[in-house]
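The structure appears below as structure tokens.
Atoms within a ligand are numbered from 1 in the order they appear, just like the ligands themselves.
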Amino acid sequence: MTAPAEASTAREGAQTVRVELGERSYDILVGRGLIASAGDEIARLLSGGRVAVITDDNVAKAQLPALKASLDAAGIGHVTFAVKPGEPSKRFSTFEQLCDQVLEARLERGDAIVALGGGVVGDLAGFVAASVRRGMRFIQMPTSLLAQVDSSVGGKTGINSRHGKNLIGAFYQPGLVIADTAALDTLSPREFRAGYAEVAKYGLIDDADFFAWLEANHREIFAGGAARDEAVAASCRAKARVVADDEFEAGNRALLNLGHTFGHALESAVDYDGARLVHGEGVAIGMRLAHAFSARLGLCPQEDVARVEAHLKTVGLPTHMKDIPGQLPPAATLLDIIAQDKKVTRGALTFILTRGIGRSFVEKGVDPQEVLSFLTEELVEQI
Ligand SMILES: NC(=O)c1ccc[n+]([C@@H]2O[C@H](COP(=O)([O-])OP(=O)(O)OC[C@H]3O[C@@H](n4cnc5c(N)ncnc54)[C@H](O)[C@@H]3O)[C@@H](O)[C@H]2O)c1
Ligand SMILES: O=C(O)C(=O)C[C@@H](O)[C@H](O)[C@H](O)COP(=O)(O)O
Ligand SMILES: [Zn+2]
């Protein structure tokens with residue numbers, strides 16, 4: 001059977017990655033210029049509904065006009081709600097305000113929330129979609145590298161709490177992900193680098209060849225063009241595989257948390273101050289720490305720790321806690337934050353450790369004293 005003409009519009013020249021989740025399966029479209037033709041894709045999914053676009057002020061300036069024009073051209077009614085850019089927006093008060101705005105606009109359960117932005121917007125808007133009227137349609141339109149390679153895929157949505165990062169939320173899959181790689185042209189170099197940490201993560205988890213490819217091709221990826229699109233699509237394929245195997249993180253999905261146990265504690269320790277540390281930077285430092293901690297436990301060769309650090313530094317990412325400007329709390333405080341991590345089971349710490357590049361694994365029951373000694377030694381560098 002031939003697909004209807006409008007079905008091919010946005011997909012022409014785009015790569016499609018399928019996330020196989022039974023009746024919750026969906027496509028990720030990756031390619032340049034997809035925002036301009038997103039209206040047709042959304043119209044096919046909604047058949048007649050309206051959308052609330054949730055975005056932030058930066059993305060509204062850079063990318064919203066193209067989306068609005070595309071929705072208008074497809075005859076889709078829309079309203080827009082923009083939040084302040086940055087991690088502090090992932091909080092209860094912003095979530096509450098957005099829920100009220102969506103309800104005030106009289107959107108129905110069959111209408112859609114469209115998240116146009118980075119991971120902050122995606123996580124926040126996804127939680128709104130999961131919550132308002134007990135679940136609205138949800139479409140991710142990621143505009144940061146981090147969101148295109150990671151946060152828009154897999155259905156983790158939520159907000160931060162004063163007790164820690166992402167502690168309140170829901171698993172709620174989108175019905176479609178539209179990743180317009182041309183949107184990355186307006187992203188700042190710092191935010192592009194931060195997103196690259198999550199790209200490197202896929203190599204470090206279980207794909208040493210991909211890590212070697214990144215070492216050889218990072219210049220092209222940062223420059224844009226085909227290598228960048230390939231890095232985005234390859235990352236989506238990697239994440240889609242993990243999520244399809246373990247949607248609710250009962251087992252190996254936790255591998256996607258490589259570097260995050262340390263990284264999240266650091267983000268929380270700086271009170272989500274993006275001037276000091278953004279998520280991807282925390283992940284970069286956390287991945288170096290995870291490799292160094294694994295080496296300390298006699299699991300990972302020192303050469304691999306050095307290679308991870310060298311690559312992250314080459315692209316301009318921080319790798320040590322001393323790279324974070326300002327004072328950090330003592331190791332005991334960091335450990336206390338880590339004890340609130342969602343991977344904690346019956347009080348026992350879980351870390352993603354590694355036997356080397358591409359050989360990470362989930363370790364339950366990690367000794368808190370080992371973590372404390374390790375963090376104390378790492379923090380000595382700080383002084
Ligand atoms: N749900 C998940 O699976 C998952 C995965 C990874 C990260 N996350 C979450 O994602 C968040 C980090 O996401 P992020 O790095 O995208 O941060 P972000 O959403 O804060 O975006 C980074 C900055 O770039 C700006 N921006 C985004 N796209 C732009 C564009 N095309 N042009 C110009 N400016 C643009 C934003 O306004 C913001 O200032 C964290 O809260 C993290 O916890 C979630
Ligand atoms: O999708 C996942 O699973 C991840 O762990 C991806 C991470 O990059 C992401 O930062 C995620 O939000 C962390 O989840 P959390 O459950 O540790 O809050
Ligand atoms: Zn992450």
Side-chain angles (χ1 to χ4, degrees), residues 35 54-64 66-67 82-91 115-127 140-161 164-174 179-199 201-202 205 235 238-240 242-243 246-249 252-261 263-265 267-268 272 274-275 277-284 286-287 338 340-344 350 352:
I35 291 178
I54 295 181
T55 187
D56 72 24
D57 294 333
N58 293 337
V59 179
K61 274 195 207 97
Q63 303 297 336
L64 185 62
L67 177 59
V83 302
K84 279 197 192 130
E87 191 70 29
S89 281
K90 264 176 68 172
R91 59 156 51 122
L116 179 75
V120 166
V121 161
D123 283 12
L124 190 55
F127 191 34
Q140 287 269 20
M141 295 193 60
T143 62
S144 69
L145 179 64
L146 185 142
Q148 296 193 350
V149 302
D150 192 347
S151 62
S152 62
V153 178
K156 277 190 180 177
T157 73
I159 55 175
N160 305 321
S161 145
K165 175 95 178 166
N166 297 339
L167 291 184
I168 299 152
F171 285 97
Y172 196 69
Q173 300 294 343
D180 181 345
T181 50
L184 303 178
D185 297 348
T186 59
L187 190 65
S188 73
R190 181 183 175 201
E191 293 294 354
F192 191 88
R193 280 196 297 274
Y196 184 85
E198 304 270 24
V199 178
K201 180 182 78 176
Y202 295 111
I205 289 174
S235 300
K239 181 150 187 186
V242 176
V243 170
D246 178 18
E247 184 180 4
F248 299 110
E249 203 172 86
N252 271 350
R253 179 169 181 163
L255 294 172
L256 297 171
N257 241 237
L258 176 65
H260 284 64
T261 319
H264 279 175
E267 284 187 81
S268 174
Y272 309 108
L277 188 74
V278 294
H279 177 74
E281 293 169 343
V283 171
M287 290 194 301
I338 286 173
Q340 275 278 22
D341 182 74
K342 291 182 290 314
K343 299 186 295 304
V344 168
T350 299
I352 313 310

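Applying the 4.0 Å criterion to heavy atoms of T143 picks out, from ligand 1, the atoms 27 (C), 28 (N), 29 (C), 30 (C), 31 (N). Counting atoms of ligand 1 from 1 in the listed order, those under 4.0 Å from a heavy atom of D123 are 1 (N), 2 (C), 8 (N), 9 (C), 44 (C).
In this structure, K165 is part of the shell of residues with a heavy atom less than 4.0 angstrom from ligand 1. Heavy-atom distances between G195 and ligand 1 stay at or above 4.0 Å for every pair. Using a non-hydrogen distance threshold of 4.0 Å, E198 registers as a contact of ligand 1.
For D150, the salt bridge (charged side-chain N to carboxylate O under 4.0 Å, His left out) test picks out K201, K239, with sequence neighbours left out. Residues passing the side-chain hydrogen bond (donor to acceptor under 3.5 Å, both in side chains) test with T186, sequence neighbours excluded: Q63.
With a cut-off of 2.8 Å, the protein N/O/S atoms near the Zn ion (ligand 3) add up to 3.
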Dump the pairs for me: ligand 2 N or O, protein N or O, distance under 3.5 Å, to 0.1 Å.
unit_1, atom_1, unit_2, atom_2, d
ligand 2, 1 (O), K239, NZ, 2.6
ligand 2, 1 (O), R253, NH2, 2.8
ligand 2, 3 (O), K156, NZ, 2.9
ligand 2, 3 (O), R253, NE, 2.7
ligand 2, 3 (O), R253, NH2, 3.3
ligand 2, 5 (O), K156, NZ, 3.3
ligand 2, 5 (O), N257, ND2, 2.9
ligand 2, 8 (O), D150, OD2, 2.6
ligand 2, 8 (O), E198, OE1, 3.3
ligand 2, 8 (O), E198, OE2, 3.2
ligand 2, 8 (O), K201, NZ, 3.0
ligand 2, 8 (O), H260, NE2, 2.9
ligand 2, 10 (O), H260, NE2, 3.0
ligand 2, 10 (O), H279, NE2, 3.0
ligand 2, 12 (O), N166, ND2, 3.3
ligand 2, 14 (O), K156, NZ, 3.2
ligand 2, 16 (O), K156, NZ, 2.8
ligand 2, 17 (O), N257, OD1, 3.3
ligand 2, 17 (O), N257, ND2, 2.9
ligand 2, 18 (O), N166, ND2, 2.9
ligand 2, 18 (O), K342, NZ, 2.7

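Within the 3.5 Å criterion, the main-chain N or O of G280 finds no donor-acceptor partner in the side chain of Y196. A side-chain donor-acceptor contact under 3.5 Å links T55 to the backbone of L116.
Given atom 3 (O) of ligand 1, the protein heavy atom at minimum distance is K239 NZ, 3.2 Å.
Aromatic ring pairs are classed by plane angle as parallel below 30°, tilted from 30° to 60° and perpendicular above 60°; the pair H264 and H279 is tilted.
A side-chain donor from one of K343 and N257 sits under 3.5 Å from a side-chain acceptor of the other.
For T157, no nitrogen or oxygen atom sits less than 3.5 Å from a nitrogen or oxygen atom of ligand 1, counting backbone and side chain alike. The N/O atoms of V121, backbone and side chain alike, include none that comes under 3.5 Å of an N/O atom in ligand 1.
No salt bridge links K342 with E249; every basic N to acidic carboxylate O contact stays at or beyond 4.0 Å.
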